[in-house]
2 protein chains.
Amino acid sequence: MDRSTRQRDAIRALFTPKGRPLSPKEIQERADREAPGISLATVYRTVKALEELGEIVRVELPGETARYELAGKEHHHHFQCESCGRAFEIHGCPGGLGKLAPPGFQVNRHEITLFGLCSTCARKAG
Amino acid sequence: MDRSTRQRDAIRALFTPKGRPLSPKEIQERADREAPGISLATVYRTVKALEELGEIVRVELPGETARYELAGKEHHHHFQCESCGRAFEIHGCPGGLGKLAPPGFQVNRHEITLFGLCSTCARKAG
DNA sequence: ATGGGTGCAAATTGTTTGCATTTTA
DNA sequence: TAAAATGCAAACAATTTGCACCCAT
């Protein structure tokens with residue numbers, strides 16, 4: 001298998017149904033194990049290509065750099081650990097958020113982000 | 001009144017109970033009317049000072065540059081217009097979001113952002 | 001040799017900071 | 001005239017892009 005293919009496959013393999021949203025740097029670090037020496041530029045280009053192919057989607061969390069996760073998951077939101085910085089997927093959604101908008105405003109979508117400590121960091125913090 | 005004071009007051013005056021969250025660039029543009037020639041560096045430094053004084057708070061919306069708004073408002077969330085880019089305050093909160101987090105996770109705060117068209121842009125779009 | 005894909009470095013954007021200069025007391 | 005604050009430009013971080021180079025066909 002050629003290098004290009006190995007790099008793309010290494011990146012594609014990072015996105016699984018159970019995986020958490022990954023930042024470009026996290027993607028590079030992990031892909032580097034299977035495709036040593038992969039550059040950040042290639043990570044960005046590959047991620048962009050996979051996004052356009054509809055395989056992954058961009059996830060924007062407040063105050064955070066963009067993350068990416070597998071596309072096609074059911075509607076969900078995210079949890080951002082304020083200690084380790086990792087993002088996690090959370091299930092469930094209160095719904096009816098469109099009613100919060102002022103009259104005349106058209107709501108197309110919404111994002112909910114919970115901030116706090118993930119189970120690992122909460123345990124360490126006691 | 002000296003120049004420093006005029007600049008700081010011009011910025012401070014932008015933050016009102018009814019105002020919407022403003023980005024550094026919006027702050028510079030508006031402050032420039034009362035304090036012509038104000039530099040972006042001064043805007044950033046003043047905003048940081050006002051934040052440390054507890055007069056304003058930073059608002060982070062997904063995929064957006066940081067905004068600032070008057071501190072001390074009651075708990076609320078934001079609406080981001082996908083057309084004009086302006087951010088608006090929205091009232092009300094579904095509550096009980098902490099229950100969405102996985103077991104062992106500690107939720108300290110949450111952010112809800114609605115995306116769509118503000119009343120002005122919705123009207124133009126027909 | 002031809003085209004696709006890569007790495008490096010330069011360009012961009014948003015934000016911060018060092019420093020000489022200006023302003024104020 | 002000494003302290004405080006400003007503006008400009010350089011420094012940074014994240015992301016994108018131009019370009020020379022390399023590999024596979």
Side-chain angles (χ1 to χ4, degrees), chain A residues 1-15 21-53 55-69 78 80 84-87 113, chain B residues 1-15 21-53 55-69 78 80 84-87 113:
Chain A
M1 192 192 311
D2 63 55
R3 183 161 148 90
S4 303
T5 306
R6 195 177 327 118
Q7 292 188 154
R8 168 170 290 223
D9 285 353
I11 290 178
R12 184 184 269 131
L14 299 177
F15 300 100
L22 302 175
S23 67
K25 280 186 181 170
E26 287 175 317
I27 293 170
Q28 184 189 31
E29 290 167 7
R30 293 171 178 228
D32 191 76
R33 299 172 195 160
E34 288 297 316
I38 187 171
S39 72
L40 248 191
T42 292
V43 168
Y44 276 104
R45 279 189 282 239
T46 303
V47 157
K48 184 181 210 176
L50 293 177
E51 191 186 2
E52 288 170 352
L53 282 173
E55 294 191 23
I56 63 179
V57 294
R58 174 191 295 248
V59 176
E60 312 255 33
L61 303 183
E64 288 287 313
T65 179
R67 311 289 175 97
Y68 296 86
E69 64 182 19
H78 300 88
Q80 169 83 41
C84 66
R86 291 183 299 174
T113 309
Chain B
M1 190 191 311
D2 63 60
R3 182 161 150 91
S4 302
T5 304
R6 195 176 328 119
Q7 291 188 152
R8 167 170 292 221
D9 285 353
I11 290 179
R12 184 185 269 130
L14 299 177
F15 300 101
L22 302 175
S23 67
K25 280 185 183 172
E26 286 176 318
I27 293 170
Q28 184 189 32
E29 291 167 7
R30 294 173 177 226
D32 191 76
R33 299 172 195 161
E34 288 297 315
I38 187 171
S39 72
L40 246 192
T42 293
V43 168
Y44 276 105
R45 279 189 282 238
T46 303
V47 157
K48 184 181 209 176
L50 293 178
E51 191 186 1
E52 288 170 352
L53 282 173
E55 294 192 23
I56 63 178
V57 295
R58 174 191 296 249
V59 177
E60 311 255 34
L61 303 183
E64 287 287 314
T65 179
R67 312 289 175 97
Y68 296 86
E69 64 181 20
H78 300 88
Q80 168 84 40
C84 67
R86 292 182 300 173
T113 309

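Not one side-chain nitrogen or oxygen of A/Q7 sits closer than 4.0 Å to the OP1 or OP2 atom of C/dG5. OP1 or OP2 of C/dT17 has at least one side-chain nitrogen or oxygen of B/K48 nearer than 4.0 Å. The phosphate of C/dT15 has OP1 or OP2 within less than 4.0 Å of a side-chain N or O from B/Y44. Contact annotation: A/S39 side-chain N/O to C/dT6 OP1/OP2 distance is not under 4.0 Å.
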Check nucleotides 21-25 of chain C for protein N or O atoms closer than 3.5 Å to its own N or O atoms and list the pairs.
from   : atom 1 : to   : atom 2 : distance (Å)
C/dT24 : OP1    : B/R3 : N      : 3.2

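B/R67 is listed as a side-chain neighbour of B/Q80, based on a closest heavy-atom distance under 4.5 Å. Side-chain contact check for A/T46 versus A/Q7: every heavy-atom pair is 4.5 Å or farther apart. Taking 4.5 Å as the limit, every side-chain heavy atom of A/I27 sits out of range of all side-chain heavy atoms of A/Y44.
Formation of a donor-acceptor pair under 3.5 Å by the B/Q28 side chain with backbone atoms of B/I38 is found in this model.
The pair B/D9-B/R12 meets the salt-bridge criterion, since a charged nitrogen lies less than 4.0 angstrom from a carboxylate oxygen.
The CD atom of B/E52 sits 6.0 Å away from atom NZ of B/K48, with the distance rounded to the nearest 0.5 Å.
Spacing between atom CZ of B/R45 and atom C1' of D/dA4 amounts to 11 Å, rounded to whole angstrom units. Computed from coordinates, the B/L50 CG to D/dA5 C1' distance equals 14 Å when rounded to whole Å. The interatomic distance linking A/Q28 (CD) with D/dA13 (P) rounds to 15 Å, in whole Å. Rounded to an integer number of Å, the gap from A/E51 CD to D/dT16 P is 9 Å. At whole-Å resolution of the value, CD1 in B/I38 and P in D/dT6 are 8 Å apart. In this structure, B/L40 atom CG and C/dG14 atom P are separated by 10 Å, rounded to whole Å. Computed from coordinates, the A/E29 CD to D/dA14 P distance equals 12 Å when rounded to whole Å.
For B/E34, the CD atom sits in a loose shell: 12 or fewer heavy atoms of surrounding residues, nucleotides or ligands are nearer than 6.0 Å.
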message: Could you go through B/L50 and B/R8, starting from their C-alpha distance and side-chain angles, then the distance that decides it, and tell me whether this counts as side chain to side chain contact (heavy atoms under 4.5 Å, CB included)?
response: CA-CA 9 Å; B/L50 293 178; B/R8 167 170 292 221; 4.3 Å; yes
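Donor-acceptor pairing under 3.5 Å, judged by distance alone, is absent between the side chain of A/R8 and the base of C/dG5.
Interface residues of residues 56-68 of chain B facing DNA chain C, ordered by number: B/T65, B/A66; criterion, heavy-atom separation under 4.0 Å.
With hydrogens and angles left out, the side-chain atoms of B/E64 and B/H78 include no donor and acceptor closer than 3.5 Å.
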